[in-house]
Participant: 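Before anything else, here's the structure in question.
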Amino acid sequence: MPFKRLTILAYAIFGFFIMSMSIHVSFEFLVATNKWMGLIIGVLFMVLGWIIYRFGRQMPLFYVLAFLLNMIGVGASITAYYVFKAYALQLEDYLTAVVIAMTVLSGFGLLTGLKGVKEHVRLVISLTILIAFVSSLILWLSVEAFTGLSFYFLNISYFFMIGMINVSDSLKDLSKEMAVVSFGSFILISIIVLIVLSEGEALEGVGDGVGELFVPGREKKKNVG
């Protein structure tokens with residue numbers, strides 16, 4: 001499909017704008033509620049997006065609508081973290097996150113467009129995601145001024161990268177792929193937010209479940225005192 005990378009970049013900038021608006025509006029209404037409300041609203045938008053997605057075969061516009069609803073849901077899920085921290089984001093926070101994510105995504109698009117790189121595209125995307133993920137996570141955990149929004153936006157950009165290296169024969173196929181990208185983004189972001197809100201308890205529960213799967217006879221330790 002011609003101009004595929006440019007079309008995906010357009011989807012990405014549109015998605016980041018919708019997410020930013022969703023975070024801003026959601027925070028204004030949810031700041032006085034409990035920390036889980038954003039995730040709950042996000043799930044509702046995702047479910048609605050899934051229902052709309054099922055009609056995409058009859059009308060491709062529904063794929064775009066599903067993408068829109070999922071991005072609103074992603075923004076609502078991210079809002080749960082900032083409600084939990086009672087931290088209101090400023091315009092510069094959104095601009096910084098969008099610029100960083102779009103710069104990385106655009107650079108990846110240009111890099112994978114080179115003839116020599118195309119032969120090793122899976123290695124390139126793996127290294128790009130690894131370096132960006134580790135760098136943004138370290139900044140989030142170690143720099144107090146780093147709001148973490150860039151970390152969330154970068155995690156979403158990885159799905160757009162995957163879209164760039166996949167084969168799409170038509171605009172309809174690409175629209176469907178972008179809808180799937182938005183579902184993947186919602187799931188990953190919601191898992192990260194869930195782990196943060198539960199202060200690691202969700203991750204610990206997963207670890208216990210995996211441990212019991214591989215060691216059936218293992219008993220859980222009981223707290224004493």
Side-chain angles (χ1 to χ4, degrees), residues 3-28 38 42 45 64 67-85 87-114 117 121 124-166 174 177-179 181-193 196:
F3 307 111
K4 176 181 178 179
R5 288 178 177 81
L6 288 176
T7 305
I8 290 178
L9 288 175
Y11 260 102
I13 194 68
F14 174 65
F16 289 139
F17 172 76
I18 294 299
M19 284 167 47
S20 298
M21 292 299 298
S22 175
I23 295 169
H24 177 72
V25 173
S26 296
F27 186 85
E28 291 296 318
F45 271 100
V64 179
F67 175 85
L68 172 64
L69 291 171
N70 282 325
M71 285 303 174
I72 294 174
V74 173
S77 290
I78 294 175
T79 304
Y81 169 75
Y82 293 100
V83 169
F84 173 59
K85 291 294 184 180
Y87 184 88
L89 293 165
Q90 305 300 317
L91 177 60
E92 55 265 28
D93 297 319
Y94 294 108
L95 291 176
T96 300
V98 171
V99 169
I100 291 175
M102 288 302 298
T103 299
V104 173
L105 185 59
S106 300
F108 176 81
L110 290 172
L111 187 63
T112 53
L114 300 176
V117 177
V121 68
V124 172
I125 192 173
S126 298
L127 289 175
T128 302
I129 292 175
L130 178 62
I131 293 172
F133 179 84
V134 172
S135 300
S136 59
L137 181 60
I138 290 174
L139 283 172
W140 186 21
L141 297 178
S142 61
V143 181
E144 188 174 345
F146 197 74
T147 65
L149 191 62
S150 296
F151 173 76
Y152 286 117
F153 277 37
L154 278 171
N155 275 279
I156 294 163
S157 71
Y158 306 148
F159 289 93
F160 287 108
M161 291 180 191
I162 295 172
M164 284 184 175
I165 66 174
N166 286 339
L174 182 59
E177 192 173 326
M178 291 298 98
V181 160
S182 65
F183 283 115
S185 300
F186 177 83
I187 292 171
L188 177 60
I189 293 301
S190 296
I191 289 174
I192 294 173
V193 173
V196 173

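Bear in mind that the values here come from a model prediction, so they are computed numbers and not experimental data.
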Participant: Would you check if the side chain of Ser182 reaches a backbone N or O of Ala179 as a donor-acceptor pair within less than 3.5 Å?
Facilitator: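 Flag set: sc Ser182 to bb Ala179 pair under 3.5 Å.
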Participant: Which residues pass the side-chain hydrogen bond (donor to acceptor under 3.5 Å, both in side chains) test with Tyr158, not counting sequence neighbours?
Facilitator: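 Here no residue qualifies.
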Participant: Minimum heavy-atom separation for Thr79 and Ile23, please, with both atom names.
Facilitator: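 Shortest heavy-atom contact: OG1-CA, 3.3 Å.
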Participant: With heavy-atom distances below 4.5 Å as the criterion, would you say the side chains of Leu89 and Phe27 are in contact?
Facilitator: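 Sidechains of Phe27 and Leu89: no contact.
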Participant: Could you walk me through whether Met71 and Phe45 satisfy the side-chain contact (heavy atoms from CB on, under 4.5 Å) test, starting with their C-alpha distance in whole Å, then the side-chain angles of each, then the deciding distance to 0.1 Å, before giving a yes or no?
Facilitator: CA-CA 9 Å; Met71 285 303 174; Phe45 271 100; over 6 Å; no
Participant: State, to 0.1 Å, how close Ala10 and Ile13 come at their nearest heavy-atom pair, and which atoms those are.
Facilitator: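 In terms of heavy atoms, the two residues are closest at O-CG2, 3.2 Å.
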Participant: Start with the C-alpha gap between Tyr11 and Val181, add the side-chain angles, then the distance that decides, and say whether side-chain contact (heavy atoms from CB on, under 4.5 Å) holds.
Facilitator: CA-CA 10 Å; Tyr11 260 102; Val181 160; over 6 Å; no
Participant: Which distance, rounded to the nearest 0.5 Å, do you find between the CE of Met19 and the CZ of Phe186?
Facilitator: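 Rounded to the nearest 0.5 Å, the CE-CZ separation comes out at 12.0 Å.
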Participant: Working to the nearest 0.5 angstrom, can you tell me the gap between Ile165 CD1 and Ile125 CD1?
Facilitator: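 Taking CD1 in Ile165 and CD1 in Ile125, the distance rounds to 4.0 Å.
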Participant: Do Tyr82 and Thr147 have side chains that approach each other closer than 4.5 Å (heavy atoms only, starting at C-beta)?
Facilitator: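 Yes; the side chains approach each other to less than 4.5 Å.
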Participant: What's the separation between atom CD1 in Ile8 and atom CD1 in Ile162, rounded to the nearest 0.5 Å?
Facilitator: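 It comes to 11.0 Å.
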Participant: Between Ile187 and Ile191, is any pair of side-chain heavy atoms under 4.5 Å apart?
Facilitator: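 Yes, their side chains come closer than 4.5 Å.
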Participant: Between the side chain of Asn70 and the main-chain N/O of Phe67, is any donor-acceptor distance below 3.5 Å?
Facilitator: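 Looks like no, no N/O pair under 3.5 Å.
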Participant: How close do Gly109 and Met164 get, heavy atom to heavy atom, and via which atoms?
Facilitator: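 Residues Gly109 and Met164, closest heavy atoms: CA-SD, 3.7 Å.
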Participant: What residue among Ser26, Ser22, Ser185, Ser190 forms side chain to side chain donor-acceptor pair (under 3.5 Å) with Ser77?
Facilitator: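 Of Ser26, Ser22, Ser185, Ser190, side chain to side chain donor-acceptor pair (under 3.5 Å) with Ser77 is met by Ser190 alone.
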Participant: Could you pull out every donor-acceptor pair under 3.5 Å between side chains of residues 98-106 and any protein atom, sequence neighbours left out?
Facilitator:
{"unit_1": "Thr103", "atom_1": "OG1", "unit_2": "Val99", "atom_2": "O", "d": "2.6"}
{"unit_1": "Ser106", "atom_1": "OG", "unit_2": "Met102", "atom_2": "O", "d": "2.7"}

Participant: Nearest 0.5 angstrom please: Phe133 CZ to Ile138 CD1, how far?
Facilitator: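 Answer for the CZ-CD1 pair, Phe133 versus Ile138, is 10.5 Å.
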Participant: Nearest 0.5 Å please: distance from the CD1 atom of Ile129 over to the CZ atom of Phe108.
Facilitator: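 Those atoms lie 7.0 Å apart.
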Participant: Ignoring hydrogens and angles, write down the donor-acceptor pairs under 3.5 Å from the side chains of residues 149-156, residues two or more places apart or on other chains.
Facilitator:
{"unit_1": "Asn155", "atom_1": "ND2", "unit_2": "Phe151", "atom_2": "O", "d": "2.7"}

Participant: Mind checking the CD-OG1 spacing from Gln90 to Thr96? Nearest 0.5 Å is all I need.
Facilitator: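 Atom-to-atom, Gln90:CD and Thr96:OG1 are 11.5 Å apart.
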